[in-house]
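Below is one structure; the comments refer to it alone.
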Amino acid sequence: MTMGMEAETQELVTPGQVLGKASQLKAGKGAYVSTENGTVYASLTGFRSLIPPPSDSVDQRSTVEVTGHKAHGAVPQPGSIVFARVTKVMARTASADIVCVDSKSVREKFTGIIRQQDVRATEIDKVDMHLSFRPGDIIRALVLSLGDARAYYLSTAKNELGVVSAESAAGGTMVPISWTEMQCPLTGQVEPRKVAKVEA
């Protein structure tokens, strides 16, 4: 006895993989639509499945869902607030490993990229990445979208976003003294950062 459509092999997809066009599909759980190009992408690792629309529905698009292939922790979505550890700082971008999404820890590795134009809201053309972040910094950031090569584009362009914890060259946990500077309590050395406003 055959199972019909249910018996077909489910396709394993990964974050950032194209699932289809929004003109033909609706994004369900584990998927989202990019407003830039109207494409539906997977937001987690799992199996792609299509749910046909109810026969009486005006919208006759099927819904595409991605269901996890294993118990996974939190997954970044556009609009999520994440904490990430900076791994590399270059002239125009910084890379970071996302460790926490909306206060929930992640179990898979997610990479974030902060572009020069997303560091702060003012004087964007004067942003110096090396004066904003250092490898090892913990940052609070907003997920903008899924970028290239399965990395999430992150923004720190709000007062409450930016570096929340940083270690000085001497090994001390630095204290923020302004929006753009943190100070080592051991040596008094001041280092530049894009500092997050600490909520009272």
Side-chain angles (χ1 to χ4, degrees), residues 13-17 30 32 34 36 41-46 68 72-184 189-199:
V13 295
T14 52
Q17 193 163 325
Y32 73 95
S34 167
E36 289 174 23
Y41 294 96
S43 62
L44 53 85
T45 301
H72 48 70
V75 174
Q77 301 274 8
S80 297
I81 296 293
V82 300
F83 286 90
R85 180 178 290 107
V86 177
T87 53
K88 189 160 61 169
V89 180
M90 290 161 287
R92 302 182 76 81
T93 60
S95 303
D97 288 338
I98 296 170
V99 293
C100 200
V101 178
D102 295 327
S103 305
K104 300 187 190 84
S105 62
V106 298
R107 294 187 195 167
E108 296 180 57
K109 184 180 176 185
F110 298 108
T111 302
I113 293 173
I114 306 144
R115 296 169 296 186
Q116 187 178 21
Q117 67 264 36
D118 297 324
V119 172
R120 64 184 186 212
T122 57
E123 296 184 316
I124 294 169
D125 54 327
K126 294 181 183 174
V127 170
D128 185 326
M129 299 302 289
H130 294 281
L131 299 180
S132 304
F133 309 106
R134 299 271 175 91
D137 288 356
I138 303 295
I139 60 167
R140 182 195 289 131
L142 172 73
V143 178
L144 295 176
S145 65
L146 204 60
D148 303 324
R150 306 211 168 93
Y152 291 85
Y153 283 138
L154 306 179
S155 168
T156 57
K158 286 185 179 176
N159 289 347
E160 68 272 18
L161 304 176
V163 177
V164 292
S165 177
E167 199 173 272
S168 69
T173 301
M174 295 207 292
V175 180
I177 54 174
S178 73
W179 297 111
T180 57
E181 292 175 321
M182 297 181 99
Q183 186 172 29
C184 172
Q189 177 79 30
V190 173
E191 293 184 19
R193 290 291 195 285
K194 195 291 178 185
V195 181
K197 178 185 178 184
V198 180
E199 293 166 3

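Heavy-atom basis, side chains included; hydrogens, waters and symmetry copies ignored. Numbers here are sequence positions counted from 1.
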### Message
Quick check against the 3.5 Å criterion: does Ser80 have a side-chain atom that pairs as donor or acceptor with the backbone of Gln77?
### Response
yes
### Message
Once rounded to the nearest 0.5 Å, what's the spacing between atom OG of Ser165 and atom CZ of Arg140?
### Response
11.5 Å
#### Entry: Closest contact, heavy atoms only, Ala170 versus Cys184
CB-SG, 4.2 Å
### Query
Is a side-chain N or O of Asp97 found less than 3.5 angstrom from the main chain of Thr111, in a donor-acceptor match?
no
### Message
Tell me if a side-chain donor or acceptor on Ser43 pairs with a main-chain N or O of Gly30 at a distance below 3.5 Å.
### Response
yes
### Task
Would you give the length of the straight line joining atom CG of Asp137 to atom CZ of Arg193, rounded to the nearest 0.5 angstrom?
4.0 Å
### Summary
So CD1 of Ile114 and OH of Tyr153: to nearest 0.5 Å the spacing works out to 12.5 Å
#### Entry: Heavy-atom pair with the smallest gap, counting every atom of Ala91 and Met129
O-CG, 3.2 Å
### Query
Taking it one step at a time, do Leu154 and Ile113 satisfy side-chain contact (heavy atoms from CB on, under 4.5 Å)?
CA-CA 6 Å; Leu154 306 179; Ile113 293 173; over 6 Å; no
### Message
Quick check: closest heavy atoms across Gln183 and Ile177, and the distance to 0.1 Å?
### Response
OE1-CG2, 3.8 Å
### Distance-minimising heavy-atom pair for Phe133 and Val89
O-CG2, 3.6 Å
## Note on the structure
Tested for side-chain contact (heavy atoms from CB on, under 4.5 Å) against Val82, the lone hit among Val101, Val99, Leu161 is Val101
### Query
Between Lys88 (side chain) and Thr93 (backbone), is there a donor-acceptor pair under 3.5 Å?
no
### Query
Can you name the closest pair of heavy atoms from Ala166 and Met182 and give their distance?
CB-SD, 3.9 Å
### Query
Out of curiosity, Met90 CE to Gln116 CD, how far, rounded to the nearest 0.5 Å?
12.0 Å
### Summary
Separation between CD1 (Ile81) and OG (Ser155), nearest 0.5 Å, reads 9.0 Å
### Message
Check this for me, if you would: do Asp118 and Arg115 make a salt bridge, where the nitrogen-to-carboxylate-oxygen distance has to be below 4.0 angstrom?
### Response
yes
### Query
Side chain of Thr156, backbone of Val119: donor and acceptor closer than 3.5 Å?
yes
### Query
How close do Ile124 and Arg120 get, heavy atom to heavy atom, and via which atoms?
CG1-O, 3.5 Å
### Separation between NZ of Lys109 and CD1 of Ile98, rounded to the nearest 0.5 Å
11.0 Å
